Amino acid sequence: MRFSSSSHIFRLRRTSSVAFLSIFCTGLAFIVQAIAQQYTTAAHVGIIFTLEPVFAGVVAFFFAGEVLTVKSYLGAVIMISALFVTEIDFKKSSKKKEAEPLAEKETAALSVETEEQSS
(Lines give C-alpha, C1' and ligand atoms only; values in the text may rest on other atoms or scores of the structure.)
Protein backbone atom coordinates (compact mmCIF):
# COMPACT_ATOMS: atom_id res chain seq x y z
CA MET A 1 0.00 0.00 0.00
CA ARG A 2 2.78 2.41 0.84
CA PHE A 3 4.53 1.75 -2.46
CA SER A 4 1.41 2.48 -4.49
CA SER A 5 0.75 5.83 -2.79
CA SER A 6 4.28 7.10 -3.49
CA SER A 7 3.98 5.83 -7.05
CA HIS A 8 0.72 7.74 -7.40
CA ILE A 9 2.37 10.96 -6.19
CA PHE A 10 5.25 10.44 -8.61
CA ARG A 11 2.82 9.99 -11.51
CA LEU A 12 0.90 13.11 -10.46
CA ARG A 13 4.08 15.20 -10.35
CA ARG A 14 5.19 13.87 -13.72
CA THR A 15 1.80 14.54 -15.28
CA SER A 16 1.61 18.05 -13.87
CA SER A 17 5.13 18.79 -15.13
CA VAL A 18 4.25 17.61 -18.63
CA ALA A 19 1.02 19.63 -18.57
CA PHE A 20 2.85 22.78 -17.44
CA LEU A 21 5.54 22.42 -20.12
CA SER A 22 2.94 21.69 -22.79
CA ILE A 23 0.76 24.67 -21.98
CA PHE A 24 3.30 27.37 -21.15
CA CYS A 25 6.53 26.45 -22.89
CA THR A 26 4.93 25.24 -26.11
CA GLY A 27 1.40 26.59 -26.48
CA LEU A 28 1.91 30.04 -25.02
CA ALA A 29 5.26 30.44 -26.77
CA PHE A 30 3.72 29.73 -30.18
CA ILE A 31 0.87 32.17 -29.56
CA VAL A 32 3.26 34.96 -28.51
CA GLN A 33 5.50 34.16 -31.47
CA ALA A 34 2.64 34.38 -33.97
CA ILE A 35 1.51 37.70 -32.54
CA ALA A 36 5.04 39.16 -32.47
CA GLN A 37 5.78 38.12 -36.06
CA GLN A 38 3.04 40.40 -37.29
CA TYR A 39 5.03 43.43 -36.16
CA THR A 40 8.44 42.62 -37.66
CA THR A 41 10.01 41.86 -41.01
CA ALA A 42 10.75 38.46 -42.47
CA ALA A 43 14.49 39.16 -42.20
CA HIS A 44 14.22 39.74 -38.44
CA VAL A 45 12.21 36.56 -37.99
CA GLY A 46 14.88 34.65 -39.92
CA ILE A 47 17.59 36.08 -37.69
CA ILE A 48 15.70 35.12 -34.54
CA PHE A 49 15.05 31.57 -35.77
CA THR A 50 18.67 31.17 -36.83
CA LEU A 51 19.91 32.22 -33.41
CA GLU A 52 17.43 30.08 -31.48
CA PRO A 53 19.95 27.27 -30.76
CA VAL A 54 22.49 29.86 -29.63
CA PHE A 55 19.93 31.42 -27.27
CA ALA A 56 19.07 27.96 -25.93
CA GLY A 57 22.73 27.25 -25.19
CA VAL A 58 23.21 30.58 -23.42
CA VAL A 59 20.06 30.14 -21.33
CA ALA A 60 21.06 26.57 -20.44
CA PHE A 61 24.49 27.80 -19.40
CA PHE A 62 23.21 30.57 -17.12
CA PHE A 63 20.02 29.06 -15.71
CA ALA A 64 20.68 25.32 -15.70
CA GLY A 65 24.42 25.41 -15.12
CA GLU A 66 25.01 23.34 -18.25
CA VAL A 67 28.64 23.22 -19.32
CA LEU A 68 29.07 23.82 -23.02
CA THR A 69 31.75 21.97 -24.94
CA VAL A 70 34.29 23.51 -27.29
CA LYS A 71 32.21 22.19 -30.19
CA SER A 72 29.17 24.03 -28.84
CA TYR A 73 31.03 27.34 -28.63
CA LEU A 74 32.53 26.79 -32.08
CA GLY A 75 29.08 26.02 -33.49
CA ALA A 76 27.66 29.20 -31.98
CA VAL A 77 30.49 31.28 -33.46
CA ILE A 78 29.98 29.68 -36.88
CA MET A 79 26.22 30.32 -36.76
CA ILE A 80 26.61 33.96 -35.76
CA SER A 81 29.33 34.50 -38.37
CA ALA A 82 27.17 32.93 -41.08
CA LEU A 83 24.29 35.13 -40.03
CA PHE A 84 26.42 38.27 -40.39
CA VAL A 85 27.72 37.16 -43.78
CA THR A 86 24.20 36.60 -45.11
CA GLU A 87 22.67 39.74 -43.63
CA ILE A 88 25.35 42.34 -44.38
CA ASP A 89 25.13 43.82 -47.85
CA PHE A 90 28.79 44.25 -48.74
CA LYS A 91 28.01 45.83 -52.12
CA LYS A 92 25.95 48.54 -50.46
CA SER A 93 28.66 49.36 -47.89
CA SER A 94 31.37 49.53 -50.59
CA LYS A 95 29.17 51.87 -52.67
CA LYS A 96 28.82 54.16 -49.65
CA LYS A 97 32.60 54.33 -49.29
CA GLU A 98 32.94 55.22 -52.96
CA ALA A 99 30.13 57.76 -52.76
CA GLU A 100 31.56 59.65 -49.77
CA PRO A 101 34.52 61.22 -51.65
CA LEU A 102 32.20 62.12 -54.54
CA ALA A 103 29.81 63.85 -52.16
CA GLU A 104 32.68 65.84 -50.65
CA LYS A 105 33.86 66.91 -54.14
CA GLU A 106 30.33 67.96 -55.09
CA THR A 107 29.98 69.97 -51.88
CA ALA A 108 33.30 71.69 -52.51
CA ALA A 109 32.30 72.46 -56.12
CA LEU A 110 28.98 73.92 -54.97
CA SER A 111 30.67 76.13 -52.40
CA VAL A 112 33.09 77.43 -55.07
CA GLU A 113 30.16 78.19 -57.39
CA THR A 114 28.30 80.10 -54.69
CA GLU A 115 31.39 82.12 -53.85
CA GLU A 116 31.85 83.00 -57.50
CA GLN A 117 28.19 84.00 -57.84
CA SER A 118 28.28 86.17 -54.72
CA SER A 119 31.35 88.11 -55.90
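The figures that follow rest on heavy atoms only: side chains count, while hydrogens, waters and symmetry mates do not. A quick note: this is a predicted structure, and the numbers were derived from the prediction, not measured.
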K.L.:
Tell me whether F30 is reachable from F55 by hopping between hydrophobic residues (I, L, V, M, F, W, Y) whose side-chain heavy atoms are closer than 4.5 Å.
P.N.:
no
K.L.:
What distance separates S22 OG from L28 CG, expressed to the nearest 0.5 Å?
P.N.:
12.5 Å
K.L.:
Got a list of side-chain donor-acceptor pairs under 3.5 Å for residues 41-49, not counting sequence neighbours?
P.N.:
unit_1, atom_1, unit_2, atom_2, d
T41, OG1, H44, N, 3.3
T41, OG1, H44, ND1, 3.3
H44, ND1, T40, OG1, 3.1

K.L.:
Mark yes or no for whether T26, through its side chain, and I23, through its backbone, hold a donor-acceptor pair below 3.5 Å.
P.N.:
no
K.L.:
On a heavy-atom basis, which atom in F61 and which in L68 lie closest, and how many Å separate them?
P.N.:
CB-CD1, 4.4 Å
K.L.:
To the nearest 0.5 Å, what is the distance between CZ (F20) and OG (S17)?
P.N.:
9.0 Å
K.L.:
Test question: given the 4.5 Å side-chain rule for I, L, V, M, F, W and Y, name all other residues clustered with Y39, or answer none.
P.N.:
I31, I35
K.L.:
Could you measure the distance from the CE atom of M79 to the CD atom of E52? Nearest 0.5 Å is fine.
P.N.:
9.0 Å
